[in-house]
There are 2 protein chains.
Amino acid sequence: MARATGKSEAVYERLKQDIESLRLKPGAKLSEIQLGEELGASRTPVREAIRRLSREGLVDFAPGELARVAAISLGGVRSLFEFRMTLESEAAAQVAAQTQVQERALDAFQQLLSQLEMFEESFRAMDAAQQARSFQDFYTLTESFDQHIIAFCRNPYLARAIREMRSQSLRLRHLSHTGPSRMLTSLDEHRVMIKAIVNGDSPAAAAACRHHLTQTLQALIDSLIGAPYEAGVEVRLDSAG
Amino acid sequence: MARATGKSEAVYERLKQDIESLRLKPGAKLSEIQLGEELGASRTPVREAIRRLSREGLVDFAPGELARVAAISLGGVRSLFEFRMTLESEAAAQVAAQTQVQERALDAFQQLLSQLEMFEESFRAMDAAQQARSFQDFYTLTESFDQHIIAFCRNPYLARAIREMRSQSLRLRHLSHTGPSRMLTSLDEHRVMIKAIVNGDSPAAAAACRHHLTQTLQALIDSLIGAPYEAGVEVRLDSAG
DNA sequence: GAATTCCCAGATGTATACAGCCTAGCCCCA
DNA sequence: TGGGGCTAGGCTGTATACATCTGGGAATTC
């Protein structure tokens, strides 16, 4: 049964979603047998999925021991964002250079810019309740930006590394409950990044990217320290990782 | 038979060595069954090892198809070095900052510096034949530098990414046949990097690292273009990757 | 009462069996 | 002689069996 979309892939996607959405909490035991029974697969595909998730940092795994959903620690979050800064500022710079020579890239980001400015305008006109309700559109927009960066980053290693770090970031988002105020500043930050990219200004794009990630990290940390047991999820406030 | 050093690990290490040393040539077929028989293991550990190697870029693997030793292309080599530049210049900068606050780090690099200067001095005194014969010591020294960077890089994601890129670089080394002239300039470049790190000068460390990798890439490319079939290994000169 | 030791349920590592898919090579036909 | 279809072999994906090990709790001892 060697189908293109095999069971291993299905188990992987399912587990990834469950971990990203915090449906599976950090520290939860991941028994191959139990998961296999739950997801209707045997141990082999489950095993493979767990290994893949382990390399993406969503699962803590040591040979011979029980695999567990990766813990979340303040130090780990800092490290993650620091690394993302290294990767994504470089990617932003490369993409900015790319828009000057590849029309498709320029078009894509110009279109994204106008989408963002339209949304930003209507968003600013909303009251707080409406703003809070449109957070899904906000996420769709920012995710679209990330996808563009990955898609137009011509270095495949860099693109893959960024993609692999995304899963962890997505999980953290579910702990931070971004409010309307942060959404507004984040929209600003995105606008600055996109403009730099469209203008082909690599240093500005890199700087804007670093700034955005710094602000996002700060908002996240404030959120974590303010409510370290949000949604029943423990966040270790030590400096490990 | 779940020993601490399991068969999966053994198969992985063995395959990795065989690929790095070009004993297994790019494009060589990696059949799970055949490898299992050769290495005295069953398909399961071999499977796992192949997946791990695929992640490190040493194996080209697509679901349902035969896994093959990763091809080497000029474009791929460029991408690899560009990515290494992103990672390692950042790490060098971080480690430079580290030596100012952590005595162990400072000591380690000062010791490495004196080792390198001693070797450099004696190396310059050798004739060409002697220099060519001491290339193993040269490699030991430069690898020691890489290990120090990884060991004292406080960001675990960055450290892991650098470590995972090393296997591919090691394989490429076997194609370039670094000569005494390049060894000398490489020693210089390393001395500059280490001095910047010891002095705690992060920007200088990053710049020196970029310079070193640029020079190394150039030497490698010259070598590849000059003899693209070195050791019976085909190097694709297209721009893929 | 606390620490230590022993023990067993359950988990992992590995081997092997079975089912579908891909490929390569041969044969047949125009 | 060249091209297309067919068959056979081997390969991967998945399931399951077996040996060994982990680790968590109960009983025991100081």
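Just so we're on the same page: letters track the sequence lines, and every chain starts at 1. All values below come from the heavy atoms of this structure, side chains included, with hydrogens, waters and symmetry mates left out.
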### Query
Between the side chains of B/Glu13 and B/Gln17, does any donor sit under 3.5 Å from an acceptor?
no
### Query
Which nucleotide in the list C/dA15, C/dT12, D/dA15 gets nearest to the side chain of A/Pro45?
D/dA15
#### Entry: Whole-Å gap separating P (C/dA19) and NZ (A/Lys7)
15 Å
### Atom-pair distance (CD on A/Gln34; C1' on C/dT12), nearest Å
15 Å
### Query
For the pair made of CD in B/Glu32 and P in C/dA17, what is the distance, rounded to whole Å?
16 Å
#### Entry: Whole-Å distance separating the CG atom of A/Leu66 from the P atom of C/dG13
10 Å
### Query
What integer distance in Å separates B/Glu48:CD from D/dG13:P?
14 Å
### Task
Give a yes or no answer on whether the side chain of A/Ser144 reaches the backbone of A/Thr140 with a donor-acceptor pair at less than 3.5 Å.
no
### Task
Round to the nearest Å and state the distance from B/Arg47 atom CZ to D/dT12 atom C1'.
6 Å
### Query
Between A/Arg51 and C/dG13, does any side-chain N or O lie under 4.0 Å from OP1 or OP2?
yes
#### Entry: B/Lys29 side-chain N/O to D/dC11 phosphate OP1/OP2 under 4.0 Å
no
### Message
Does A/Arg68 qualify as a cation-pi partner of A/Phe61, given the criterion of NZ or CZ under 6.0 Å from the six-membered ring centre and within 45 degrees of its axis?
### Response
no
### Query
So does A/Gln111 have more than 12 non-hydrogen atoms from other groups sitting under 6.0 Å from CD?
no
### Message
Under 4.0 Å, counting only non-hydrogen atoms across every strand here, what does A/Thr44 touch: a base, just sugar-phosphate, or nothing?
### Response
base
#### Entry: Protein-nucleotide distance (B/Arg43, atom CZ; C/dC18, atom P), rounded to Å
14 Å
### Summary
Assert: residue with more 5' nearest nucleotide on DNA chain D, out of B/Ile33 and A/Gly40, is B/Ile33
### Message
Does either side chain, that of B/Glu20 or that of B/Gln168, offer a donor lying less than 3.5 Å from an acceptor on the other one?
### Response
no
### Query
What does A/Arg68 touch in the nucleic acid at a heavy-atom separation under 4.0 angstrom: a base, only the sugar-phosphate, or nothing?
nothing
### Query
On DNA chain C, nearest-nucleotide positions of A/Ile50 versus B/Ser42: which is more 5'?
A/Ile50
